[in-house]
Number of protein chains: 2
Amino acid sequence: MSYSISEIAKMLKIRYYDKEGLFPLVKRINGIRVFEDKDFPWLRMLNCLKNLNMPIKKIKEYVDLALKGDETLKARYQLILEQEENIQKQIKELKYYKKQIDFKKAYYEKAIEAGTEEVVKDWPNPEATLDVDELPNKGNIGNRR
Amino acid sequence: MSYSISEIAKMLKIRYYDKEGLFPLVKRINGIRVFEDKDFPWLRMLNCLKNLNMPIKKIKEYVDLALKGDETLKARYQLILEQEENIQKQIKELKYYKKQIDFKKAYYEKAIEAGTEEVVKDWPNPEATLDVDELPNKGNIGNRR
DNA sequence: GCTTGACCTAGAGTTAACTCTAACTTTTAC
DNA sequence: GTAAAAGTTAGAGTTAACTCTAGGTCAAGC
C-alpha cells in the first residue's frame, strides 16, 4: 500500500521536512513523492525526534549519518543515548514544575473559598530559590530551548 | 536583601521579559530596576510557566489577570488547572517517545555488536502506526508547539 | 483536446523569542 | 570632579520553524 502526500501531510509537515532534507529515500514517480509502508518506521522516528524538541538541523545530521551506513552506527547510537538522557531530564523537570503548579492550585482554591487573595498572600512557596544551579537543567542536550 | 539586574539577568532574560510587561510591580530607583525578596515568588512562577512552554503573550495574560486582583481569581485558577493537565500530557508523551528511543537503543546495540545494521533492519517497530489520533497530543493547551 | 484538481518548486513572508547596537543616564571608585 | 562601570531605552537584526504564493507539471474525466 502507498500513500499520497495529502494523506501524509495531515500527519507531519512533510513538504517542509522534505525540503530540509529529512527523507532523501522516499520514492518518487514523475517527481511526485510516493510513501510506502517501508517508509513508516523512518517517519515515526523523525516524528519522535521532532517531538523531543530536536531542531531540524540536528535531525538532519542524524539522517545524514544514517545515509552513510554502518560506519556511523556508533555515532547514531550516541545520539540515541543523548535522547534517552534528555527524556529523563525533561520528565524530572516537569515533575519539578508540577510542585509549583500544585502549590498555586491549592493557593487559588483557598483564595477563591475566602473570596480574596489576602488570606494566602504570605503562604510560603514550595521552594525558596531561583538559583539556576538548583533548577533542573532544560532538556537540551543539543536540543532547542 | 535586593538584587541588581545583572544578578537577576543570569537567572532569567529579565530585560526582555520586562519589555514584554511580565513584571510591572518591580520597584525602580531612578529608573533602575531593584528586585527584592518579595519579587522572587513571582519570578519563580514566571520561570515555571516559561519552562512549561507557555508563550510570552499567554504569560502576559496571566500577569494582567493577577494585576486586576480578586475578581480574576477563578480565571487564574483555571489557567493553573490547564497547566496541570498540560504537565500530565507532556509526561505521558515523553513516556510514549521513550519507547521508540529504547527500541532504537537496543537496535543499535545489536547492530554495533554485529558490525552491521543488516541483522536488525527488519526488527518490528514498537508500534506500527503513524496515525495522529493514536499519538499523544502535544502538550499544548494554549501553549506553543 | 481541454478543463480540473492534485501535485510540484522556489522563494517571499510570518511569528516568536530572543539578541544586539547605539546613545544616553546613573552610580561607584579614586 | 572625573572616568569607568553598570544601568537604561528604542529599535534593528537574527534564527528557527513554519506558511503562503505564484507559476508550473501531469494524469484523469468528459
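Remember, predicted model here, so these are calculated numbers, not experimental data. Note on naming: letters A, B, ... go to the chains in the order of the sequence lines (proteins, then strands), and numbering restarts at 1 for each one.
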To the closest 0.5 Å, what do you measure between CG (N86(A)) and CD (Q88(A))? 9.5 Å

Test side-chain hydrogen bond (donor to acceptor under 3.5 Å, both in side chains), reference D102(B), set K105(B), K104(B), K99(B), K98(B), output is K98(B)

Taking for I29(B) and for K57(B) the nucleotide of DNA chain C with the nearest heavy atom, the one nearer the 5' end belongs to K57(B)

Counting side-chain heavy atoms from C-beta on, which of dC8(C), dT9(D), dT26(C) comes nearest to R15(B)? dT9(D)

I56(B) side-chain proximity, nearest of dC18(C), dA17(D), dT9(D): dC18(C)

CG of L22(A) versus P of dA17(D): gap in Å, rounded? 10 Å

Value in whole Å for how far the C1' atom of dC7(C) lies from CZ of F35(A): 12 Å

Can you tell which of dT9(D), dA17(D), dA12(C) lies closest to the side chain of K19(A)? dA12(C)

Less than 3.5 Å apart, which donor and acceptor atoms pair up between the side chains of residues 110-118 of chain A and the rest of the protein, not counting sequence neighbours?
residue	atom	partner	partner atom	Å
T116(A)	OG1	E118(A)	N	3.1
T116(A)	OG1	D70(B)	OD2	2.7
E117(A)	OE1	R76(B)	NH1	3.0
E117(A)	OE1	R76(B)	NH2	3.1
E117(A)	OE2	Y107(A)	OH	2.8
E117(A)	OE2	R76(B)	NH1	3.4

Validation row: N51(B), Q100(A) side chains within 4.5 angstrom (heavy atoms): no

What is the distance from atom OH of Y108(B) to atom OG1 of T72(A), rounded to the nearest 0.5 Å? 7.0 Å

Roughly how many Å is it from CG in N53(B) to P in dT15(C), rounded to a whole number? 20 Å

Are any of R28(A)'s side-chain N or O atoms less than 4.0 Å away from OP1 or OP2 of dC26(D)? no

Using a cut-off of strictly less than 4.0 Å, decide whether Y17(A) has a side-chain nitrogen or oxygen near OP1 or OP2 of dC18(D). yes

Not counting sequence neighbours, which residues clear side-chain hydrogen bond (donor to acceptor under 3.5 Å, both in side chains) with Q78(B)? List them please. none

Tell me: OH of Y16(A) to C1' of dA17(D), nearest whole Å? 4 Å

Rounded off to whole Å, could you give me the NZ-to-P distance for the K13(A) and dC18(D) pair? 4 Å

Distances under 3.5 Å between nitrogen or oxygen atoms of protein and nucleotides 1-4 of chain D:
none

Among dA17(D), dT9(C), dT27(C), which nucleotide sits nearest the side chain of P55(A)? dA17(D)

Whole-Å gap separating C1' (dT9(D)) and CD (E20(B)): 14 Å

Only one of Y16(A), F40(A), W42(A), F35(A) passes ring pair (Phe, Tyr, Trp, His ring centres under 6.0 Å) with F23(A); say which it is. F35(A)

Just the rounded figure in Å: distance from P of dT9(D) to CD1 of I14(B). 12 Å

Below 4.0 Å: OP1/OP2 of dG7(D) and any side-chain N or O of N30(B): no

Nearest-Å distance for atom pair CG/P, residues D18(A) and dT19(D): 17 Å

Counting side-chain heavy atoms from CB outward, which of dT9(D), dT19(D), dC7(C) is closest to R33(B)? dT9(D)

